[in-house]
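None of these values were measured; they are calculated from a predicted model. Below, chain A is the first sequence line, B the second, and so on; all start at residue 1.
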Amino acid sequence: MTPMTEKTPDLNPAQADAVNSTDGPLLVLAGAGSGKTKVLTHRIAHIVGSGKARPEEIVAITFTNKAAAEMKARLGAICDPSARNMWVMTFHAMCVRMLRIDAERVGYTNRFTIYDADDSKRMLKAAMAQAEVDEKRYPVAGVANRISSAKNELIDPDEFAASAITPMDKAAARVFPLYQRRLKDCNAMDFDDLLVEAHRLLADHPDVLDRYQSRFRYVLVDEYQDTNHAQYRIVKLLAERHRNLMVVGDDDQSIYSWRGADIRNILDFEQDYPEANVIRLEQNYRSTATILAAANAVVANNLGRKAKTLWTANAGGEAVTSYKADDERDEARFIAREIERLRLSEDHGYSDFAIFYRTNAQSRTLEDALLREGIPYQIVGGTRYFDRAEIRDVMAYLKILINPLDAISIQRIINKPKRGIGKTTVDRIAQVSIDDAESFETTLRRFSAGDFGSGPAAKVRPFVELIDEIRAMNEHSLRDQVERIIDRTGLLQELANEGTVESSGRAENIREFFGVAEEYAATHANSSEAGADIATQLADFVEWLALRSDLDSMSGDQETVTLMTVHTAKGLEFPVVFIAGLEDTLFPHVNSIFDPAGLEEERRLAYVAITRARERLYLTHARNRSLFGSTRSNPPSRFIAEIPRECLKADAPVRTQSFLSGTVSQKPVVGAASNVEFQAGDRVEHKVFGIGVVKQVSKDRVTVDFGSKGVKNLMVGFAPLRKIAS
DNA sequence: TGGTTTAGAGTTTTT
DNA sequence: CTCTAAACCA
């Protein structure tokens with residue numbers, strides 16, 4: 001097409017084809033490990049390099065920040081024209097970007113707040129109370145799900161009410177409009193609203209749509225199998241003019257249907273765009289032939305998938321190892337020992353290993369075993385740093401500065417630190433603000449002025465003064481601004497007065513947050529214009545925080561084993577992978593086991609997990625597993641049986657050893673001695689966490705503060721812990 | 001108002 | 001079992 005297209009030496013024919021097919025709709029079915037990011041980036045470089053479009057005429061949409069960051073990094077490496085004006089970002093970030101520009105068009109101001117799941121839940125509870133929907137009969141989570149699904153399908157409250165049949169749906173239908181009204185009154189959007197409102201902006205405002213349609217000559221979407229209806233419609237609108245839409249995905253890796261992802265978006269792409277070109281990337285560069293054969297064999301049991309056969313030129317490699325453990329402790333111990341064995345015998349670093357599990361509840365046992373073996377690890381996902389109460393408090397303070405209508409955040413911190421403002425007062429203010437149709441802060445100020453008695457006024461006034469003071473602050477750097485605000489709130493002082501291990505840990509987290517602000521300012525200096533006022537920087541920072549996940553903080557450079565759920569693992573790869581808990585009722589999970597579609601999704605999940613492995617794969621299951629107190633015996637996962645026999649080998653249980661340490665672990669012989677061995681104030685050294693100070697000693701555990709490595713609760717006698725001074 | 005106790009829930013959660 | 005959140009009492 002263009003003379004420069006052949007400057008793509010290390011692309012296979014299918015990849016090159018995808019890179020060069022720039023005109024018209026294109027569906028790339030990219031199997032696991034087939035180099036789709038490479039194709040995406042080279043294609044963009046080709047479009048820019050051949051002069052078909054300027055960087056600002058391209059938008060590349062991903063699902064995760066990590067994927068967006070990787071794409072940006074790799075773009076930077078292959079094409080020089082810096083992708084500064086190119087939009088390479090997640091769906092949500094793109095929507096926010098559009099909404100910040102034209103928020104008024106959909107009835108918000110551009111200072112709108114993004115509510116995360118926790119904020120939304122609080123708001124929903126209030127709306128449910130107002131609608132007199134009983135939380136006992138209709139759990140908040142259930143109502144939240146209905147409303148979320150409706151939004152993902154672009155169903156508005158009226159339409160939802162019209163089609164509500166079940167009592168649950170009818171209850172949700174009563175709450176939905178109230179919830180939405182409250183969000184708007186707060187100038188706030190939940191995650192789903194970002195998509196809904198961005199879609200509304202494009203669909204209802206032809207001039208806005210025209211602006212983007214003419215600008216974006218090329219639209220690229222990664223992980224297309226995960227798009228929900230709202231995302232599908234947004235993409236459709238954006239790409240309608242030029243029809244240069246490339247979507248990349250793998251129907252076999254669709255594992256988010258429960259979040260609204262609609263697999264039909266990828267399956268029906270050819271119907272939507274009859275002129276579409278379809279290219280299959282079927283050569284896998286990641287895994288050994290054995291691992292790939294196992295993955296193929298498992299997913300082949302699914303019906304209704306796009307026909308494709310992943311193959312590899314890689315060597316056969318080791319057989320997949322399966323291990324039948326006695327129980328989950330034995331399983332964890334096996335994994336820990338195997339990691340140590342391979343690390344020493346095959347020259348692997350800790351970061352070469354990953355352990356996947358179906359449910360977060362499984363991580364604890366695995367952690368214990370790793371800790372005992374002295375193996376450094378990091379858990380990705382689960383409770384995230386930014387989800388911690390103290391960090392959310394800090395963020396709530398920042399949010400109310402940006403958006404004074406944000407009632408959820410102001411209620412969160414109205415009594416943090418304690419000011420003697422209890423539930424009764426808060427409820428009264430909230431009620432008046434609803435009744436008088438004014439913002440919470442406005443009502444709060446009337447309370448402060450004494451309109452509702454002098455008692456509440458005295459309690460509330462210092463808080464109002466605090467808000468005014470911190471709103472007026474204007475430091476030179478973002479970090480200083482945040483630090484000064486938080487210092488004035490007295491949060492840290494309160495924690496210091498508490499003087500417990502927990503409180504000092506929380507204070508440490510808050511101080512770490514100042515570092516986050518500093519780091520943000522340093523790495524985003526250009527995004528919010530050098531010299532942008534501090535308020536703008538703060539708003540950008542808060543937005544960035546709202547759209548980040550735990551995955552983003554996963555440090556690839558650390559020498560640690562990685563633990564995560566299979567869902568979180570999508571898109572990643574590791575030389576050695578352990579999949580734990582491969583038992584029927586756990587993986588596949590009970591809740592999906594009797595539903596054919598659910599079971600197929602579990603199978604895709606297994607496929608995703610297996611295809612993360614490059615060299616070695618271990619599948620483990622336990623004969624007996626204690627979960628939530630009771631022990632159950634689960635049969636091995638049906639997915640193991642779906643793997644061809646020749647790909648598998650069983651590892652014999654290390655019975656004597658496991659029995660021995662099992663005994664020891666149940667009777668903490670050293671526990672009694674531990675009180676003598678360690679006491680609060682001792683300086684200790686841990687094989688993994690380094691130097692720390694003992695904070696608390698109980699019968700068999702010690703709580704040690706490792707500073708930046710965190711506060712850990714360790715088993716005395718098992719943890720590689722050594723006293724260095726008292 | 002605020003600390004304590006008890007009751008309930010526990011699949012997955014890219015943003 | 002274990003963590004969180006609502007109910008409860010001082």
Novice: Stacking between A:His567 and the base of B:dT12 (centre distance under 5.5 Å, interplanar angle under 30°)?
Specialist: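 According to the criterion (under 5.5 Å, under 30°), no, A:His567 does not stack.
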
Novice: Between A:Asn415 and B:dT1, is there a side-chain N or O to OP1/OP2 distance below 4.0 Å?
Specialist: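 So the side chain of A:Asn415 is outside the cut-off, no N or O lying under 4.0 Å from OP1 or OP2 of B:dT1.
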
Novice: I want to check a possible cation-pi pair here: A:Arg638 against A:Phe587, using under 6.0 Å from ring centre and within 45° of the ring axis as the test.
Specialist: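 Judged by the rule (NZ or CZ under 6.0 Å from the ring centre, within 45° of its axis), A:Arg638 is not positioned above A:Phe587.
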
Novice: Rounded to whole Å, please give me the gap between CG in A:Asn591 and P in B:dT12.
Specialist: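 A:Asn591 atom CG is separated from B:dT12 atom P by 10 Å.
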
Novice: Identify, between A:Ser592 and A:Thr64, the residue whose nearest nucleotide on DNA chain B lies closer to the 5' end.
Specialist: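 The residue closer to the strand's 5' end, by nearest nucleotide, is A:Ser592.
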
Novice: Specify the separation, in whole Å, of atom NZ of A:Lys423 and atom C1' of C:dA7.
Specialist: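 Taking NZ of A:Lys423 and C1' of C:dA7, I get 11 Å after rounding.
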
Novice: Taking CZ from A:Phe91 and P from B:dT13, how many angstroms apart are they, rounded to a whole number?
Specialist: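 Rounded to whole Å, this separation is 21 Å.
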
Novice: Do A:Glu331 and A:Asp326 come within less than 4.5 Å of each other through their side chains, counting heavy atoms only?
Specialist: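 A:Glu331 vs A:Asp326: side chains apart.
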
Novice: Kindly confirm whether the side-chain ring of A:Trp258 is stacked on the base of B:dT12, judged by centres under 5.5 Å and planes under 30°.
Specialist: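 Aromatic stack with B:dT12 present for A:Trp258.
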
Novice: So, is A:Arg419 near the phosphate of B:dT1, with a side-chain N or O under 4.0 Å from OP1 or OP2?
Specialist: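 Answer no for this pair, as no side-chain N or O of A:Arg419 is under 4.0 Å from OP1 or OP2.
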
Novice: Over how many whole Å does the gap from A:Asn360 atom CG to C:dC1 atom C1' extend?
Specialist: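 The distance from CG of A:Asn360 to C1' of C:dC1 comes to 16 Å, rounded to the nearest Å.
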
Novice: Kindly say if A:Asn228 contacts the phosphate of B:dT15, meaning a side-chain N or O under 4.0 Å from OP1 or OP2.
Specialist: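 A:Asn228 to B:dT15 OP1/OP2: no side-chain N or O under 4.0 Å.
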
Novice: Toward the 5' end of DNA chain B, which comes first, A:Thr425 or A:Thr568, by nearest nucleotide?
Specialist: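 Result of the comparison: A:Thr425.
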
Novice: Taking only the side-chain nitrogens and oxygens of A:Thr424, find out if one of them lies under 4.0 Å from OP1 or OP2 of B:dT1.
Specialist: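 A:Thr424 to B:dT1 OP1/OP2: side-chain N or O found under 4.0 Å.
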
Novice: Rounded off to whole Å, could you give me the CZ-to-C1' distance for the A:Arg358 and B:dT12 pair?
Specialist: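 The answer, rounded to whole Å, is 4 Å.
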
Novice: For B:dG3, take OP1 and OP2 only and decide whether either is under 4.0 Å from a side-chain N or O of A:Lys418.
Specialist: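 Affirmative; the distance criterion is met.
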
